[in-house]
Amino acid sequence: MADHLLVPLHVQYIQNLGKSQDDLVYHLTAHLRMNAIYWGLTALCVMGHKDALDRQEMIDYVMSCWDDEAGAFGAHPDHDAHILSTLSAIQILIMQDALDRVDIDRVVKFILSLQQPSGVFAGDQFGEVDTRFLFCSVNALSLLGRISELDVDKTVGYIIQCQNFDGGFGSSIGAESHAAQVFVCVGALAILDRLDIVDVPTLSWWLAERQLPNGGLNGRPEKLEDVCYSFWVLSALSILNKIHWIDADKLTSFILSAQDPENGGIADRPGDMPDVFHTQFGVAGLSILGYPGLADLDPVYCMPADVIERMGLRKGWKNLERRAAKST
Amino acid sequence: MHGVRRDKQSKEAIEARKQKEQSKIREYLALTDHVLTRKKNKDYTREALETTTQLLQLNPEFYTIWNYRRLILLNGIFPKSSPTEINDQLSDDLSMTTVALRAHPKVYWIWNHRRWCLENVPTGPGSEGDPDYLGWRQDYWKKEMFVVEKMLDVDARNFLAWSYRRYVLASMPVPRNPKTELAYTKRKIEANFSNFSAWHQRSKILASLWAKGELDEYQSKESEFELIKNAMFTVPEDQSAWIYHRWLVGAGRDKGILEREIDVIKMLLDEQPDSKWCMESMVHYNLLLIKNHSSNVDVPKLTQECRSFLKELRIVDTARTRRYDEIEEELGA
């Protein structure tokens with residue numbers, strides 16, 4: 001079991017993802033391609049290897065996913081526009097300093113059209129609603145510098161209705177609190193400067209209780225640990241300035257133990273197959289925990305902190321201080 | 001990817017698998033191209049619909065194809081169909097998603113298509129004014145409860161299924177008596193006290209019944225305290241029960257209830273002196289007593305008690321030591 005982050009292996013793992021065309025799973029997951037590129041690129045940025053993937057090729061790919069009928073991005077060429085892939089596309093273009101390629105007015109129009117009378121957002125024109133889509137929309141509008149066009153009260157009004165007695169938030173009104181939904185709601189509130197509605201002691205208590213004896217975090221009471229919750233729980237704790245309410249060392253060891261020491265990548269838990277989603281959220285979690293040698297990650301936007309800082313969007317979160325590398 | 005074990009395959013085995021997959025990949029990509037080309041050409045024929053069935057059976061996560069399928073139905077099939085034919089088609093689509101959900105219970109797109117189908121069931125078979133004017137719809141919604149319960153039998157914590165259940169309950173043309181839902185959550189809880197999803201659902205149903213005055217809040221809370229006591233004593237290490245208990249006690253304005261519940265926890269603590277949740281709850285409820293009833297309780301004694309519990313908690317629950325430190329700081333000197 002590795003006791004440190006296997007950066008070169010993970011970089012290689014991410015590079016190889018684009019070369020797996022001889023694998024059926026690669027094609028069956030085409031609907032996640034745009035997200036996968038965002039996850040891969042963010043992990044590379046945090047590990048200090050942004051250039052491991054070709055910039056121009058990436059920008060060209062993103063632009064080839066433009067759905068001109070809808071005025072937003074799909075996950076893959078000829079796939080329909082959706083808020084999930086649209087946010088990822090914007091994030092990638094910002095990290096690659098290529099936002100000028102986008103017809104921002106049209107994207108803003110697409111995003112605003114997704115808001116429902118209740119205040120929640122749909123993912124696309126077919127109307128599935130979820131606080132995830134609300135966050136993606138708020139996040140994207142903020143990154144595009146157009147948050148002023150959003151009806152903030154209406155949006156926050158919906159989030160308030162998703163708040164539960166345990167301090168957490170669900171995917172829709174009445175739904176059980178879930179760490180990923182807590183992240184999206186708290187993240188949206190942070191962007192909208194409306195964290196005043198959060199019951200900080202109760203929610204921080206609930207979040208801290210996600211840590212299990214093996215150090216890993218789960219997403220709901222009495223569920224199994226999973227590396228991706230390292231990000232969902234930690235980002236919310238960082239925004240609430242309560243990361244020290246969990247055991248950072250144990251969580252760090254847990255994330256490291258989920259690495260594939262042979263082929264790189266991080267899995268949901270030790271011994272499982274890695275994937276780029278868990279690789280990104282594992283690396284993101286380690287960055288928030290102050291793991292040595294990593295770049296700072298902005299827990300609100302889940303992008304490199306310096307990028308968000310430059311855009312003037314930094315909020316009052318607090319990650320753990322970056323530790324110095326142990327001398328060997 | 002969740003819960004797929006990493007198996008140690010030799011390079012040869014991986015190569016062999018990839019070789020075998022090549023023809024599958026070719027077929028899959030050819031079908032994808034074919035369907036997407038039809039989509040671009042706005043082909044809304046029955047043949048196009050069948051190609052989407054084929055592709056979605058191979059890959060039920062391909063959201064663009066579900067979208068295309070709905071466009072075909074709305075623009076090509078339904079306008080030329082009688083209400084009975086529309087109803088039959090939707091029935092086929094629902095069966096298709098039932099099969100898909102069995103294999104992929106956590107794929108949002110499948111649940112979403114199901115929802116869309118139900119929302120498009122026509123009125124009938126009777127005409128307006130007939131008793132069976134909403135007959136089809138009623139049948140479907142009844143069946144939906146059955147489907148969602150089957151899903152929850154397989155995985156009692158599937159949050160997509162629980163969300164869908166709430167959606168069905170809210171959408172049924174003939175609303176179900178909410179007390180039926182109380183019985184359902186109780187059944188789920190008694191089958192497994194750790195099922196926090198069921199506790200959560202129960203809290204929502206109760207709160208709504210209290211708000212509407214359909215259930216006496218005080219009396220029903222008393223019976224909830226009995227239920228939860230059973231759970232706390234059976235599995236004291238399970239946080240589900242303690243979180244629910246905290247909800248029942250709430251802000252702690254009722255001194256009698258607070259003190260009675262503290263006594264219950266003390267009883268359990270006698271049996272389980274190391275119980276983290278007993279001690280953690282004792283601190284929380286003591287603090288509520290101090291906060292709300294300071295003139296009628298022995299504040300120094302309660303504060304002292306909190307301090308000794310916090311000291312113990314730092315030993316039995318090392319991960320959250322800093323939280324206990326902060327609570328102690330707030331106790332003041």
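Every chain is numbered from 1, with letters handed out A, B, ... down the list of sequences.
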Please identify, among [options], the residue contributing the most non-hydrogen atom pairs under 4.5 Å to chain B.
options: Val276(A), Asp247(A), Leu32(A), Leu24(A); value: Leu24(A)
options: Ser172(A), Gly170(A), Ala81(A), Ala175(A); value: Ala175(A)
options: Gln211(A), His82(A), Arg220(A), Lys250(A); value: Arg220(A)
options: His244(A), Glu176(A), Arg269(A), His76(A); value: Glu176(A)
options: Ile246(A), Asp124(A), Asp23(A); value: Asp23(A)

[X], part contacting chain A, at a heavy-atom distance under 4.5 Å:
X: Ile243(B); result: both
X: Glu61(B); result: both
X: Lys276(B); result: side chain
X: Ser203(B); result: side chain
X: Ser163(B); result: side chain
X: Glu237(B); result: backbone
X: Asn67(B); result: both
X: Arg166(B); result: side chain
X: Ile327(B); result: neither
X: Trp242(B); result: neither
X: Trp111(B); result: neither
X: Glu21(B); result: side chain

> Between Glu222(A) and Gln239(B), is there a donor-acceptor pair closer than 3.5 Å when you use the side chain of the first and the backbone of the second?
Replying inline: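 Yes; at least one donor-acceptor contact below 3.5 Å.
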
> Within the distance-only criterion (no hydrogens, no angle test), does the side chain of Asp272(A) pair as donor or acceptor with the backbone N or O of Arg6(B) below 3.5 angstrom?
Replying inline: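 Side chain of Asp272(A) to backbone of Arg6(B), a donor-acceptor pair under 3.5 Å: no, none is there.
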
Rounded to the nearest 0.5 Å, how far does [atom2] of [Y] lie from [atom1] of [X]?
X: Asp80(A); Y: Tyr68(B); atom1: CG; atom2: OH; value: 11.5 Å
X: Thr37(B); Y: Asp78(A); atom1: OG1; atom2: CG; value: 8.0 Å
X: Gln21(A); Y: Ile25(B); atom1: CD; atom2: CD1; value: 9.5 Å
X: Ser204(A); Y: Arg323(B); atom1: OG; atom2: CZ; value: 8.5 Å
X: Leu224(A); Y: Arg157(B); atom1: CG; atom2: CZ; value: 10.5 Å

Hydrogens and angles aside, do [X] and [Y] bring a side-chain donor and acceptor to less than 3.5 Å of each other?
X: Arg70(B); Y: Gln125(A); value: no
X: Trp245(A); Y: Glu326(B); value: yes
X: Trp205(A); Y: Glu280(B); value: yes

> Where is the tightest heavy-atom contact between Tyr28(B) and His27(A), given as atom of each residue plus distance?
Replying inline: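 Closest heavy-atom pair between Tyr28(B) and His27(A): CE2-O, 3.7 Å.
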
> Minimum heavy-atom separation for Arg5(B) to Met273(A), with atom names?
Replying inline: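 Distance-wise, the nearest heavy atoms are O-CG, 3.5 Å.
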
> Quick one: do Asp22(A) and Arg17(B) make a salt bridge, cutoff under 4.0 Å?
Replying inline: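 Here Asp22(A) does not pair with Arg17(B) in a salt bridge, since their nearest N and O are not under 4.0 Å apart.
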
Toward chain B, the part of [X] with a non-hydrogen atom under 4.5 Å:
X: Ser20(A); answer: neither
X: Glu69(A); answer: side chain
X: Ala75(A); answer: both
X: Asp249(A); answer: neither
X: Pro201(A); answer: neither
X: Asp226(A); answer: side chain

> Should the ring pair His178(A) and Phe159(B) be called parallel, tilted or perpendicular, given that the plane angle runs from 0 to 90° and is split at 30 and 60?
Replying inline: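 His178(A) vs Phe159(B) ring planes: tilted.
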
>> Would you call the rings of Tyr63(B) and His79(A) parallel, tilted or perpendicular, taking 30° and 60° as the class edges?
In response: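 Taking His79(A) first and then Tyr63(B), their aromatic rings stand perpendicular (interplane angle over 60°).
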
Against chain A, work out which of [options] has the most heavy-atom pairs shorter than 4.5 Å and name it.
options: Trp116(B), Tyr244(B), Trp109(B); result: Trp109(B)
options: Asn59(B), Leu29(B), Thr64(B); result: Thr64(B)
options: Lys18(B), Lys39(B), Lys24(B), His200(B); result: His200(B)

> Any chance NZ of Lys221(B) has more than 12 other-residue heavy atoms, nucleotides or ligands included, within less than 6.0 Å?
Replying inline: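 Yes, because the 6.0 Å sphere around NZ of Lys221(B) holds more than 12 heavy atoms from other groups.
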
>> Taking the six-membered ring of Phe126(A) as reference, does the cationic atom of Arg115(B) (NZ for Lys, CZ for Arg) lie under 6.0 Å from its centre and within 45° of its axis?
In response: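 Relative to the ring axis of Phe126(A), which defines the angle, Arg115(B) lies outside at least one limit.
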
> Just wondering, do Lys204(B) and Phe165(A) contact through their side chains at under 4.5 Å, heavy atoms?
Replying inline: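 Phe165(A) vs Lys204(B): side chains apart.
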
> Are the side chains of Trp247(B) and Asp166(A) in touch, meaning some heavy atoms are under 4.5 Å apart?
Replying inline: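 No, too far: nothing below the 4.5 Å cut-off.
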
